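On a predicted model such as this, the values are computed, not experimentally measured, just so you know. Residue numbers begin at 1 in each chain, while the letters A, B, ... track the order of the sequences.
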Amino acid sequence: MNTLSATAPSKAPPCSAAAEGCYHCGLPIPPGQVLTVPAEGDAKPVCCHGCEAAYYWLKDQGLDRYYALREQGLGHAAKAEVPAWASPEVAARYITKDGEEAELVLALSGLRCAACAWLAEKGLETLPAVQQAQVQLATERLHLRWTGDESAVPAIAERLSALGFEAAPARSEAAAELRRREHRKGLARLGIAALVTMQIMMLSLADYLDLLSDLTPAFRQLLLWAQAVLATVLVTFSAAPFFQGAWRALKQQQLTMDVPIALALGLAYGASIMLLATGKAAQGAHVYFDSLVMFTFFLLAGRYAEAQLRHQFAESDPTLEDLLPLTALRLRRSGTEEDARETVHPLDLSPGDRILVSAGQSVPCEAIVQEGSAALRLDHLTGEAEPQPRGPGDAVPAGATVLDGVLTMTVRQPASEGSLAALPALLARARQSQAGERPLLDRIARHFFAFQLLVALGAGLLWLALAPERAFEIVLATLIIACPCALSLATPAARTTGALALRQQGLRLGRGDSLERLAPITQVVLDKTGTLTEPTGALTCVEGPASAWALTKALERDIDHPLARAFQARPEAAPPVSAQRVVVGQGVEGCIDGHTYRLGRPRFAGAEGTGVVLSQAAPQSPSGWTLVARFQSQEALRPEVPEALAALRAQGVKLALLSGDHPDRVAAVARELGLETWEGDATPEGKLEALGRFHAAGERILYVGDGLNDAPALGGAGVSLALGAESRFAQDAADMVSFRRDLRTVPYALGVARCLRRRLHRNLLWAAGYNVAAVPLAVAGLVTPWLAALGMTLSSLIVLVHAQRLAQDGDRLREALWKA
Amino acid sequence: MESLIVLIPLSVLLILVALKAFLWAVNSGQFDDLEREAARILEDDDLPSAKEDRSP
């Protein structure tokens, strides 16, 4: 048996078997086989013609380095390491124990398709302790169950890492569990309503076709009792939320849609059972089971669609646990001068503990700096993009990210009480107020329900005077027909289909009403770098000595920025750097050999012109800096840009370009793309100002950017679309996020939004028209309850089908945009 | 015609059994992730379990 710590998947590793086995696949050579391939200056044996062909194919493609890499154990195996959260002490916080067994839910990244999910499941199930490994592709969650306790977690994490997946404990599991339960309940109610509806329809078919007049009352009674049993199941199980909702509303002395619904359902069910029990039904009196079940089924279908959409949005809400770092590093004085470091869960920190936070990590709780100084990013709390310096004695809020340096801090407050805890609540509230927002409908609806009840009552009184035996039937018909089901279905149905159409092209909505707000826009404002152009990764030194490359490489060390990576990729050896500091959106500063250098925007480095400038501090010069070298990054237009812009122009929106880059380069791009409105050298505030000007000119603006250095502009535009989901801001606050970095998703989203608006308007008009036209007919006694339920059903169906057509609109748009 | 006296209650019973089966399927999470389950049929789960050590 494999042991827990074995890293080898099911097959024997090729490298160990290569000495005696097939050079390509590692399997043993069959006796008598003499095939060889010329590799590594020697004739290596292969086991079959297939492997021989594979070897030559790789060689022809210039890919034979595969064999060398494989021998070195590069590729996946090299990444097999145990992340900090997997240490048993920390992992104990994330697992749930159930007797002999333990469970863990992990969020996996690196899942692309069903095959990846299969690999993760099978790769883990080869570990002897693992009982069950199940991947949910849609939520990228891995549910694990094994015998034992947290001591098995390192082996599991190591195996996942060896398979090429990045795993971290899935947080906000409690909320996800709630959503899962709600989804299951909704589905069970809907499915049971569907089954019961079909059965009752079948049983009442005889009644519709008037076959019952030939039957004896006993048979009729039997058929009706069968319906009654099924209808009871439906009323007590599937329709339960309507009765509960109505009861809650009445207790608070309010009218919601549940009240007339529950009334209609209760009346229809009660009256039918009464008719049946008194034997009047068997004599030919009409029962309402058919109307009742159809009504319930369509109501539930509408609610299910709405809940699905709500859950989809809820999944992107961060909770406290999502925002906390996975681990914290606690220092413990152990008698001697040396501090012992231990990795703990952030929630295990208590006031007075000393922690160590280094560059790139976030601070887990409210703390006071003891030693060290660093620049911290607090933008999630204050909205300030500028990094804030903090030194000994300063307080640091939870969730701040350390940009440079290392801080030793004392914990002031446990993580569960800090400012971080307030954030998810705020975000969720902001989302809730916007998602699923239907202010106009809500206002109309409240009066509508009262109106509906009054009309039903009025109709009942009228008919009691005219023809008392018909009064009940007419009250029921009026209650059902006046139900604004189609009206309440219209918006969620259209939104769901719209959201799904967008999802197919990698677009996710940040808010429920993003699409409706996108439809009326008149101007698209684009960011340049990362949106229209992409750095090619190459840099040229246009001024200064070649030795400057070594300095730049040193200054950009460990900095995560596309431009920094281009400097880091240089072959020169970097000298040591100290006091390295990043000024977001400007550049870096650092000390090399006792001289202070700056690398970044010309103005930041005390120079004129364009490009990226490296300068040295020089107190005697007027600007305080002397230029050492100047670099130009090369960038290229992304291939799909002209097509995407042409599509946007065809949709009749104005285009504008806002960039922080030098005006010359912005002008060049604008000229190439035929953009008339453009602005260069725009700071984040400048972009906001420009957006304000466009807005004042009466434009409704969609801002498209990558969210990395234009977060304020993204937040300040009427509607924002973040291209690429790398930045946290893009994920948390943008109205739409395009996971596929493709500018054509912008005209696609706009097209879908406009179709959605058209269909939504038509749907609302139709649904309102139906109710207005049908109510008088019902009051006049021209509509029987079953006809009312049918009418209600049909109007809901029409609304649903019409909304579903949005998917076809999306397909057409996709075909037009992605022709190739 | 008399057979209906047996058949109709029987059909109702069958429906109740079907409802119970559906509830079980929902509550055991079979509808939680439809994307993944659609692909599961294509997997060769009847191959010998890799848990048995196959290295020499």
Side-chain angles (χ1 to χ4, degrees), chain A residues 1-3 6 8-13 16-17 28 111 113-115 117-118 121-123 125-128 130 134-139 141 143 180-181 183-192 194-196 198-200 202-203 215-216 218-219 222-223 225-230 233-234 237, chain B:
Chain A
M1 288 293 270
N2 277 344
T3 59
S10 54
K11 247 191 209 169
S16 67
L111 278 179
C113 58
W118 176 88
E121 286 178 2
K122 298 300 152 190
E125 280 172 2
T126 54
L127 293 172
V130 173
Q134 211 164 23
V135 172
Q136 270 192 14
L137 203 55
T139 52
R141 293 287 152 97
H143 295 254
R180 194 155 49 234
R181 225 177 293 154
H183 171 248
R184 281 182 185 178
K185 224 176 228 164
L187 190 67
R189 290 205 169 102
L190 181 64
I192 284 182
L195 275 166
V196 166
M198 285 188 278
Q199 281 312 307
I200 289 192
M202 204 174 72
L203 289 169
L215 293 180
T216 61
F219 271 124
L222 185 65
L223 279 173
W225 273 114
Q227 291 187 32
V229 170
L230 294 172
V233 171
L234 181 118
F237 181 76
Chain B
M1 277 306 245
E2 279 66 33
S3 59
L4 281 181
I5 294 173
V6 180
L7 288 179
I8 288 175
L10 197 66
S11 75
V12 171
L13 263 179
L14 277 176
I15 291 304
L16 293 180
V17 171
L19 291 184
K20 189 78 199 149
F22 175 71
L23 270 186
W24 167 80
V26 169
N27 287 330
S28 63
Q30 297 189 31
F31 292 95
D32 285 0
D33 181 10
L34 301 175
E35 279 173 65
R36 170 91 183 92
E37 302 310 318
R40 208 180 277 281
I41 187 78
L42 301 172
E43 292 168 6
D44 296 320
D45 273 344
D46 41 359
L47 289 185
S49 163
K51 227 172 233 190
E52 287 145 27
D53 199 350
R54 284 195 280 155
S55 59

Identify which of A:V233, A:L222, A:V229 forms the greatest number of heavy-atom pairs closer than 4.5 Å to chain B.
A:L222
How long is the gap from [atom1] on [X] to [atom2] on [Y], to the nearest 0.5 Å?
| X | Y | atom1 | atom2 | value |
| --- | --- | --- | --- | --- |
| A:K185 | B:L23 | NZ | CG | 12.0 Å |
| A:L230 | B:L19 | CG | CG | 7.5 Å |
| B:I15 | A:L195 | CD1 | CG | 6.5 Å |
| B:I8 | A:W225 | CD1 | CH2 | 14.5 Å |

Cut-off 4.5 Å, heavy atoms of chain A, and the answer for B:F31 is both
Bottom line for A:L187: the part with an atom under 4.5 Å from chain B's heavy atoms is both
